[in-house]
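The block underneath contains the structure these notes are about, expressed in structure tokens.
Note that these values count all heavy atoms, side chains included, but never hydrogens, waters or copies made by symmetry. Note that ligands are numbered from 1 as they come in the structure, with each ligand's atoms numbered from 1 the same way. Heads up: numbering here begins at 1 and tracks the sequence. On a predicted model such as this, the values are computed, not experimentally measured, just so you know.
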Amino acid sequence: MKKVFTYLKPYSLRMFFGFTIKVLGTFMDLGLPWVLAYIIDEIIPKQKVSFILWWGVVMIALSIGARTFNIIANRMAARVARNTIETLRHDLFQKILSLSGTQLDHFTVPSLETRMTSDTYNIHNMIGMMQRIGVRAPIILIGGIVITSTLEPVLTLVLIGVMPFLAIVVYLVSKKGIPLYTGLQLSTDRLIRVVRENITGIRVIKALSKTSYEKKRFSDRNDEVVSKELKAGTTMAITNPVMNLLLNIGLTLVVIVGAFRVDAGASQPGKIVALLSYFAIMLQAVMAITRIFVIFSKASASASRIAEVLNTEEDLKTQQIDRVDSDYHIEFHHVSFAYTSEPCITDIHFGIKKGESLGIIGSTGSGKTTLIHLLMRFYDVTEGKIMLEGKDIKSIDKQELRRRFGIAFQNDALFADRVYENISLGRELPIHRVKEATEDAQAAEFISQLEKELDFKLAIKGSNLSGGQKQRLLVSRALAGEPEILILDDSSSALDYKTDSLLRKAIRENYKDTTSIIIAQRISSVMKLDHILVIEDGQMAGYGTHEELLKNCEVYQEIYQSQLMS
Ligand SMILES: Nc1ncnc2c1ncn2[C@@H]1O[C@H](COP(=O)(O)OP(=O)(O)OP(=O)(O)O)[C@@H](O)[C@H]1O
């Protein structure tokens, strides 16, 4: 919570004004029963209509003043809550963007989504509530006790006697509430993960007739959320009836004791009426405080989940490492890596010169994409080093490093935006450059057939395009910035042989200075490249040209034979 409260600092002045206005409004509310008692006990017995009217006007003025001040203060509170959450969400988003691959794996994407949405929403609720009811309710309670004790000290003791019981209920319930709400948020994370997986894979789920299986999976997660919600809700729901009961006992005692006291001449009817009014608004205040505790319990669980992300230390810091002389543009120097305890990449060692091309081939899951993740420093190598022009990539600023790449990953993201935006991706590239890239990526022809061509609007994830069209747009995006290093990760798998071959020809001829790395399943996609790395279970099974590998790499020969036969 401490971390979240630091976000309120810039609004302290606004909060102070809001607080002052709220206090004034609340005092006016507190004055009303007192004036009523005064009218009943002092003014009415004098039987002067002008006096009664005058004090009636005072009551109306107090009432209007209280409402107006309340509305102003509530609007100010809403503004503070909105602005605070806007900044918090912005910082959280920035932080999420800067998380390394390992940190993203640790938090998981669905959990980060919940932290960005429902967790920030819970805190928004709390900040608003604290400024509105959090100020008003304690003043009503304390002010109420002070005023009633001046009016009727004996009856006030009845109310004060009830207070410790109320405090115990609030303490016990909120102590149980926070862990329950933390558990609920974790279950919500899991539910969102299932929803996310289902929505992303809706077609394959239908195609494989897995809908009933997925329905069950969703239902299990949903039941888990419902049961945790029920548990948290039931615990919190105990508060209101118990509070009500305690306060109503107090109220009944006031009426009984008050009746005896008026009868004995020790008190006046106006005071008893005022006391009942005070008890009523104090009852509302206590209810509001319990609501604050519920919201605070939720927000406190959310705040620690958000703080966990915000306090995550950057684990891929830029380091001071001296450059070494190297003939290579890209060099992997005995690189090993593990996502978990199991090694994924072991002792990969190669170098390619500027403008050269490297093909990476190997079975699925052999570690091809991981090599790119390491080259772009999404993860840090566990052993060895990766160098660009003799500079360890750990010594290059991450933004600067990544700007040097043009990359198309497998199933990369396409956005619900114009074709141009999807290719330019915020780089404000000139139209002619985007057009050239689409021609090289063999996408120009199909784009020319789209309505409005580059202005054609894609659906979410480019679902109104075919697989091959999507791939060609992604390759256009990678080529459009004329990158120093081009990486195509299985980006031509949906292309026919002719289009694939035209794409490779265009890259060869039009991007001579670009060093390219092409990951592919088909030997035809890599056989003409300067070097080919054959990878098997994360290890180098061969390195050389197509001809060399055909002679001396068994794995390559097997892939070649199997593809030749098919
Ligand atoms: N974030 C991750 N956390 C844990 N393990 C991972 C992660 N990403 C990949 N792996 C594992 O690392 C291994 C290599 O994965 P990688 O994606 O590099 O393979 P690949 O050769 O590119 O496969 P494909 O050809 O199917 O794309 C696989 O066993 C995979 O399960």
Side-chain angles (χ1 to χ4, degrees), residues 96-113 189 193 196-197 200-201 204 309 312 315-316 330 332 335-350 358-384 386 393 398 405 407-413 467-468 470-471 474-475 478 485-495 500 516-527 529 531-543 549 553 555-556 558-560 562-563 566:
I96 290 172
L97 288 185
S98 77
L99 293 177
S100 70
T102 315
Q103 290 166 336
L104 281 173
D105 292 345
H106 163 72
F107 285 116
T108 77
V109 173
S111 172
L112 290 171
E113 274 176 5
D189 282 357
R193 196 175 63 223
R196 205 169 178 270
E197 282 168 0
T200 328
V204 70
V309 180
T312 302
D315 63 351
L316 300 177
I330 301 172
F332 273 59
V335 168
S336 297
F337 172 73
Y339 285 108
T340 52
S341 51
E342 288 292 301
C344 173
I345 294 292
T346 316
D347 200 26
I348 300 287
H349 189 83
F350 68 85
L358 168 77
I360 305 181
I361 197 162
S363 53
T364 55
S366 54
K368 303 183 291 295
T369 304
T370 303
L371 291 180
I372 305 306
H373 286 167
L374 295 174
L375 175 59
M376 296 196 72
R377 212 175 169 217
F378 293 145
Y379 298 85
D380 262 347
V381 298
T382 357
E383 271 175 53
I386 300 174
I393 58 165
K398 285 198 293 295
F405 291 87
I407 185 153
F409 276 118
Q410 276 170 302
N411 308 319
D412 230 341
K470 279 192 257 186
Q471 278 194 337
L474 293 172
V475 174
I485 301 163
L486 171 72
I487 294 175
L488 302 183
D489 183 354
D490 219 355
S491 301
S492 55
S493 56
L495 304 188
D500 187 13
S516 49
I517 299 182
I518 295 176
I519 296 179
Q521 303 283 354
R522 294 199 295 239
I523 283 202
S524 62
S525 302
V526 294
M527 60 190 282
L529 304 183
H531 310 276
I532 301 167
L533 168 69
V534 187
I535 182 161
E536 185 75 357
D537 292 332
Q539 300 186 25
M540 278 177 90
Y543 187 78
L549 291 169
C553 176
V555 178
Y556 193 76
E558 276 170 24
I559 303 173
Y560 184 71
S562 64
Q563 293 189 0
S566 64

- Query: Which parts of the protein, at residue level, reach under 4.0 Å of ligand 1 through a heavy atom?
  - Reply: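 For ligand 1, the residues that come within the 4.0 Å heavy-atom cutoff are Asp105, Tyr339, Cys344, Ser363, Thr364, Gly365, Ser366, Gly367, Lys368, Thr369, Thr370, Tyr379, Gln410, Gln521.
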
- Message: Which residue is it: Asp315, Thr312, Asp105? I am looking for the one with a side chain to side chain donor-acceptor pair (under 3.5 Å) to Ser100.
- Response: Asp315

- Take the angle between the ring planes of Tyr560 and Tyr556 and call it parallel below 30°, perpendicular above 60°, tilted in between. parallel

- Task: Grab the two heavy atoms, one from Tyr379 and one from Leu316, that are nearest each other, plus how far apart they are.
- Result: C-CD2, 4.3 Å

- Task: Please report the closest heavy-atom contact between Asp347 and Ser336, naming both atoms and the distance.
- Result: N-OG, 3.0 Å

- Would a 4.5 Å heavy-atom cut-off, applied to side chains only, mark His531 and Phe350 as touching?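 Result no, sub-4.5 Å side-chain heavy-atom pair not found.
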
- Query: Between Asp490 and Lys368, is there a salt bridge with N-O shorter than 4.0 Å?
  - Reply: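 Between Asp490 and Lys368 there is no salt bridge, as every charged N stays at least 4.0 Å from the carboxylate O atoms.
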
